[in-house]
Amino acid sequence: MLLKPPETEAVPDCCRGGLYSCLLPFGLFGLLCLAWPRVAGGAVFTAQWAWVPSLDLNLAFRLDGLSLLFGLIITMTGFFVTIYASSYMAGHPHNGRFFVFLHAFMTAMLGIVFADNLLLMFICWEATTVLSFLLIGFDHEKAEARENARQALLVTGAGGLFLLMGILLVKSAGFPMTLSLLGDSRDLIQTHALYPAVFICFLVGAMTKSGQVPFHFWLPNAMSAPTPISAFLHAATMVKAGIYLLMRLHPVLGGTTLWMSTLVLVGGTTALWGAVQALGPCDLKRILAYTTLMALGVLTLFLGGRTVMSLTAATTFLMVHALYKAALFLAVGSIDHQTGTRDLNLLGGLMTRMPLTTLAVAGATLSMAGFPLFFGFIGKEIMYAGALAEEIWPLFATGITLSANALMTAVAAIILITPFFGPLPAHLKHTWETPWTMRIGPAFMGLLGIVFGIMPEWVSKHLIQPAVFAFHPDREEIRLFLFHGINLPLLLSVVTLTSGAVIYWQKTRLRRGIGAATEKLWVTTPGLYQSGLTRFLGTAAAVTRILQNGSLSIYLSVIVLTLVLLTGSVWLPHAADIVTVPAVTGPYIAVGLFVFVLGAAAVVVTARHRLAAIGGLGGVGGGVALIFLVFGAPDIALTQLLVETLTLIFVSLILLRLPPMEPIINPGTPSRMRTLRNAILSAGAGLVVFTLISGVVGHPLDRGQTTFFETHSYLSAHGRNIVNVILVDFRSLDTLGEICVIVLAAWAGVHLIRRPFGQKRAP
Amino acid sequence: MKSVILKTATRLMIGLMLIFAVYVFLRGHHEPGGGFSAALLAGTAFSLLAITKGADHVRKAIRIRPSFMALSGLALAAGAGLPALFFGKPFLTGIWWQTELFSAGTPLIFDSGVFLAVLGAILSILLALEEN
Amino acid sequence: MTHLLISPILVPMAFAVITWCFRHHDRHSGSAAIAGALIHLACAGWLLSAVMADGVVVLWVGSWPSPAGICLAADLLSAVLVTVTSVLHVAVMIYARADTTREQIRAGFHPFMQMLTAAICGAFLTGDLFNLYVWFEVMLMASFGIMVMDHPAARLPNAVKYVTLNIVATLFLLTGIGLVYGLTGTLNLADLHDKIALIENDGLLAGTSLLLMTAFGIKSALFPLFFWLPAAYHTLPPGVAAFFGGLLTKVGVYALIRLFTLVFVTQPYITHTILMIAAGLTMLSGVLTAASRMDIRRILSFHIISQVGYMALGLAVFTPLALAAAFIYMVHNIMAKAALFLVGGLIRRAAGSFHLTRIGSLYKTHGLLSAGFFIPAFALAGFPPLSGFWAKLLIIYACLETRHFGAAALAAFVGLLTLFSMVKIWMEAFWKPSPQTQDVSEIRTLSPWMMGPVLGLCLMLVVMGLFIEPVFHLALTAGEQLMDPAGYVAAVKGGK
Amino acid sequence: MEHLLALTVGTLFSGALFLMLSGELVRFVFGFVLMGNAVNLLIFTAGRLSFVAPPLIGKTGTVPAGPVANALPQALILTAIVIGFAMTLFLLILLYRTYAQTRTLNTRRTEFLSESAGDDTDSDIRKKNPS
């Protein structure tokens, strides 16, 4: 692509369908704008439809200041990303799917922020997880993209399960699922025994989605998504879902010491880690991903506070970040699209080739670095104010913010200066500016950074104040100014810019140092994830080898062992009373028959040759038939004898065609051990069965059903042979099933016999 | 099975067994016996026939295909439950025709279905094995 | 009209006879099978509406009074399961029309399948313990027949394992039934409910119930009794695997639910505790063993086990909500699993193999098939708003409500591992570039006869997920019916 | 008497399981037949033993004249016998066919241990034509 002049470009300039689909986010943005004035004035729109009322899940939506702010960000970014993607994705074979997923994702995201029902929010939350999986893996032919998509899915999916558990814990404790009602139960929830569990569950859910350390690693890896996706999902919207959740839950779960300390700690760590890591990579998108981590960490840090100031800081910075980050991602995507690389070492001097992109990046980076007159400056001022106002560890918070901001300034400088200034490398000679569709987004958002920076009062009145009021009870007026006067935050800003410059100057040395330090870390979560995955697969394979080892006799042994252990353990302790066997009464011939049957069975068990075994089987069958006869059951005696005869005929017919039996005890110890094991197992099972049936016959039998059959056999069913009447009349359904079995056996058996074997089917 | 005496004896025995089978079947509703025993008995008889004289002989003797016999037995047994539905009774309710001499009812048809099904099943496996 | 209660058993039985007669005319045989399945569906639909309108429907076969005769009794659980069975029956028969070879039809594919359906419905509907055993045997014999119907390479040793282990299970079952009869003198389930309560010998009762639990545990593939399932299921043709994988274990689970809500309820501290442990281990061992496999059918087979664990967990928690959860899980799982097995067959058609290392690129070449896999797979992993989400949610919620936190966490964790396996199939079969060197331009088209059932099942999963409220109501009613068997008992004992 | 029969049943059960566990399929079938007998005897025992007349009604009466043996378990056993018979037949044929194919009946041989059968070794998919 690099060598091709623009006029012979084969790929279309822009995907029309995709471009027109930008009307969807635009329309939604317009609708939100219509409601904006009233929401800014404090109005709250709600709508509710029943969905699953039995689970307290309704399609309840709520538009207040907070969801308005998020909604505006989502739809606006969505609008520009769609326009941008219509060119970026042009010519891609699956761009239809791309735009469908993109808009589905946007809808789900809007669902999260507008849902007024925890379960509904969760459903949208999971939808974003799935759709982001599809979008991160969009370039699915690259192994890296697939792997990263799975990583993101597993990490955020696991977080989703925590969130679900949290929600269900809240529900099982009897609290409502409606978010706006949940705030009323604040005190009850915070004193509930399950509060820590609930808090942890929600927190982990938010942390995974918002890339907080130690679940952060999926986010930089998710950069294998197409750049519009990174801009939309991993800068402006999805990763903010966790932040949104924390904001929404702030009035419910927030404000406790647990909440404050955990959030400040987690957020601080993430911010610092992200900022430090951002200096490392040479891939522009990866740098941006780490700065996103930093931003998310800072946001979490500020949500740990409970003063209006720190929450205002969070909300303001959220906006600042959404604007500059989306713009930067899109611009980086443009560079990538036009030059084919995002590597800092290969880029330079693009200012002359891509002037408008340069301007947009300049606007965004200056905002990011927090230069005065840019919106980022306002954000930074309020951040320092907020950090100083934290109730828990304000100095820690301030320190973190300061160092993170300083690093950000340096990173902003890297992003602006390296690719755009300096000499133009030879291989970039044929680079040209992007089509308008790819310029409008970064340019507009960069411009907005300046506009907001000049008129912060309007922004604070119409966007930030309504948003903060939506999740904070205090109605303290929030006002942002271009210049707050000479105060501590301003001083800190100056320190930030200076140290940022120092860091930029020393960037090579720092980068080396950070790289070395990171390598020295003996445990990292990406490492844990990888080794966990490997170990999991290893365990899985080992478990499979042990459990499904293919040996029928082991399978059977396990089954018998289970039977003996389960049944025996509960029953044998009670079985003592049947040891006192009552005296034997009745025909002694029966005793003789028992002995005969057992003897014949012993022949079968110990037989070394088939013939002996068959003879023994015949003996057992005949003996059993005689037992039936002796105890008044001529019908079964007859049937048993006949079945036995037929079985013997078939056994002989078939066994004649089989090899001789193998000896039951092979020489060699393992097999001897096995035989012993089998003997013990089968003796145990026999003991269980013997004791059970002895126990059963120790009680009198309720002969009610038999009496009924005796009474009605002739009178109602016209038969004198009660057994036969039961078979063909009283319980004829059994018999019907039984002849089904035998007919099926015949069908299957005949087919098995007839089918030619050993040869492959003819083609 | 070369011996003539054995052959004759077998033939005689098989004939006797078949007659006995019919007898066992007929008396089954009142005395020990019934469809099962009768079918098993007849099955034994035919197995002896198959072993001594070969499968073809059995096929000729029974005329219909054993698999069809099994199937018709199943159909007959299940069908014996259907008349009850026309009388507004649940499936498999016995419907009886009573005369002074004898009483006949659907349970007897059911029993003959059992007989045919079991015998057909045994025979089809037997013949398949013998012919293999 | 309660006489029609026999129809879900009798109709497929009749069609078994018909299709057996037509087995040498494969086209007619297939059409007859589809017709039979549709009539069956109509009967099941009637049954479901009757049960929803009138509560438990009871039919005394042979019009012998309670409790001497055999009764068929349909409560909501039975009726819904019969309906789902018939839906699956229709789907599989349509799929089979394009997938079955002439040889398989000649070998009796259709009559075996019809008979299997009859037996499954018989097991769902019967109100008699011994009759349950008989239906299990019919089911088993029909499944044997299908299993040996045609056998590429060395399927027989696997069939041997399937047959032998199942046969042992039925012998245990029969032993247990003998003991139950000896204890109570009755075989009617409703009657047993009354009689068991009178038995004073706790140890004996516990021993007997655990013996039966072991027997049905084998049938429903609980840990550590599940070996027969993965040994054999992966060798089956896709349509059959869908039917087996969807239904057979669920009949075992149904039997467990029926017995341990209606009959053996006096010692939940023993029986249901053991069930809970078994359920947890089943869930875990199923997903673990699935994770390391690379053959689609094996992965799916092992997942059957894992999901049986969820259902058993619902039974073990033993509240109306938990049973409702198990109920929804069963219905969802039958359809999702069947859809996945069918998709497995389609993947094989499209890419030429079941083995994940040998296939790929289906996302590019077969968009509709991708959707057909994605929906049931993510339903199985429990993603909203698909049916599996509600099943998972309700199970976890039921555990949390009864303060079984460990079980809830395990259920969630196993859900994550399920996701892992499903994503593995997705990544390998659909996303990965195809490793085959053959010409990519040759894209195999899939028969609409085969795509239709898959998409139909997917649609049902989505619809069930979106309109869960009535389903949940139904399930909760079923759960309450199960937890309070008085209604069932009264219906069975009261009517003639 | 019942207890003695119970002891017989238990012992038969043990012997049958021992045969089944041996890992050789012919022994498994023998074990299966033995166990079928044991279970039938168990049901018979569960119906209680009585040294009385069989459950038949005399030509003159409409109900049995005196005490008769318990008819219900007898009917159950009859059903179980026939089902067991069908299973035995099928098992035998399966065995025969398995031997014809694998040349072994020992389930500890590799043919049985590897469950990789059906791992898509056959590429008959292309041959299948919708019928």
Side-chain angles (χ1 to χ4, degrees), chain A residues 550-553 556-557 560 581 584 586-587 594 598 601 604-605 613 617 620 624 631-634 636 639 643 647 650 654 658 661-662 664 678-679 682-683 685-686 689-690 693-694 696-697 701 705-706 709-711 714-715 720-723 726-727 734 738 741-742 745 749 752-753 757 763, chain D residues 1-4 6-15 17-19 21-24 26 30 33 37 42 45-46 48-49 51-57 62-64 69-72 74-75 77-79 81-83 85-86 88-90 92-93 96-97 99-101 106-107 113-115 127:
Chain A
S551 165
L552 178 61
S553 48
L556 260 181
S557 319
V560 176
V581 179
V584 175
F594 297 164
L598 288 181
V604 184
V605 172
L617 270 190
V620 173
V624 169
F631 290 105
I636 27 178
T639 313
V643 160
T647 308
F650 279 101
I654 287 172
L658 294 182
M661 287 201 292
E662 293 175 14
I664 201 158
N678 291 350
S682 39
V689 170
F690 157 60
I693 185 70
S694 300
V696 164
V697 294
L701 176 72
Q705 293 204 11
T706 310
F709 294 142
E710 285 165 357
T711 334
Y714 188 71
L715 290 177
R720 294 182 185 279
N721 180 355
I722 302 172
V723 175
I726 296 178
L727 282 176
D734 280 349
E738 172 197 342
V741 175
I742 192 156
L752 250 186
I753 298 168
F757 271 79
Chain D
M1 190 54 75
E2 273 115 347
H3 294 274
L4 280 186
L7 188 62
T8 315
V9 169
T11 318
L12 277 180
F13 220 90
S14 296
L17 274 179
F18 182 73
L19 282 173
L21 287 171
S22 75
E24 206 215 16
V26 176
F30 291 162
V33 175
N37 278 319
L42 180 137
T45 323
R48 308 302 190 273
L49 303 180
F51 193 59
V52 289
L56 300 169
I57 297 166
T62 55
V63 288
N70 194 346
L72 178 55
Q74 295 192 15
I77 293 169
L78 253 171
T79 308
I81 288 179
V82 178
I83 290 181
F85 174 62
T88 315
L89 283 191
F90 179 79
L92 280 168
I93 295 167
Y96 165 54
R97 270 319 181 178
Y99 179 73
Q101 197 164 323
N106 188 335
T107 60
L113 289 183
S114 97
E115 283 178 0
K127 290 179 257 171

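Since this is a predicted model, take the numbers as computed values, not measurements. In what follows, chains carry the letters A, B, and so on, assigned in the order in which the sequence lines appear, proteins first and then strands, with residues in each chain numbered from 1. Values reported hereafter were calculated over all heavy atoms of this structure, with side chains retained and with hydrogens, waters and symmetry mates removed.
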At a heavy-atom distance under 4.5 Å, which candidate from [options] has the highest pair count against chain A?
{"options": "D/L21, D/V63, D/L17", "answer": "D/L21"}
{"options": "D/A46, D/A86, D/G23", "answer": "D/A86"}
{"options": "D/I83, D/V9, D/N70, D/V82", "answer": "D/N70"}
{"options": "D/V52, D/T88, D/L42", "answer": "D/L42"}
{"options": "D/T62, D/I57, D/T8", "answer": "D/I57"}

Could you tell me which non-hydrogen atom of [X] sits nearest to which non-hydrogen atom of [Y], and how far apart they are?
{"X": "D/A75", "Y": "A/I726", "result": "CB-CG2, 3.4 Å"}
{"X": "A/A601", "Y": "D/L12", "result": "CB-CD2, 3.5 Å"}
{"X": "A/G632", "Y": "D/P55", "result": "O-CD, 3.3 Å"}
{"X": "D/I93", "Y": "A/I753", "result": "CG2-CG1, 3.5 Å"}
{"X": "D/F13", "Y": "A/G686", "result": "CB-CA, 4.2 Å"}

Examine whether an atom of [X] lies under 4.5 Å from a heavy atom of chain D, and if so say whether it belongs to the side chain, the backbone or both; otherwise answer neither.
{"X": "A/E738", "result": "both"}
{"X": "A/V560", "result": "side chain"}
{"X": "A/L617", "result": "side chain"}
{"X": "A/F650", "result": "both"}

Between atom CD of A/E710 and atom CG of D/L56, what is the distance when rounded to the nearest 0.5 Å?
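One finds 11.0 Å between CD of A/E710 and CG of D/L56.
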
For the atom pair CZ (D/F90) and CG (A/L752), what is the distance rounded to the nearest 0.5 Å?
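Taking CZ in D/F90 and CG in A/L752, the distance rounds to 5.5 Å.
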
Please examine the side chains of A/F594 and D/L7, heavy atoms only from C-beta on, and report whether any two atoms are closer than 4.5 Å.
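They are not in side-chain contact.
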
For a 4.5 angstrom cut-off between non-hydrogen side-chain atoms, does D/R48 reach A/V696?
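Yes, their side chains come closer than 4.5 Å.
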
Which one wins on heavy-atom pair count under 4.5 Å against chain D: A/N678, A/T647, A/L598?
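Top count of heavy-atom pairs under 4.5 Å with chain D: A/N678.
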
Out of A/V697, A/V643, A/I654, which one racks up the most heavy-atom pairs below 4.5 Å with chain D?
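If we count pairs closer than 4.5 Å to chain D, A/V697 comes out on top.
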
Under the side-chain contact (heavy atoms from CB on, under 4.5 Å) rule, what do D/T11 and A/F690 come out as? Steps first, then yes or no, please.
CA-CA 8 Å; D/T11 318; A/F690 157 60; over 6 Å; no

Examine distances only and state if a side-chain atom of A/S553 and a backbone atom of D/S22 form a donor-acceptor pair shorter than 3.5 Å.
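Flag not set: sc A/S553 to bb D/S22 has no pair under 3.5 Å.
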
Do side-chain atoms of D/Q74 reach the backbone of A/I722 as a donor and acceptor pair under 3.5 angstrom?
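Between the backbone of A/I722 and the side chain of D/Q74 there is no qualifying donor-acceptor contact (under 3.5 Å).
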
What verdict does the side-chain contact (heavy atoms from CB on, under 4.5 Å) test give for A/V604 and D/V33, after you've listed the backbone C-alpha separation in whole Å, the side-chain angles of each residue and the deciding distance to 0.1 Å?
CA-CA 11 Å; A/V604 184; D/V33 175; over 6 Å; no

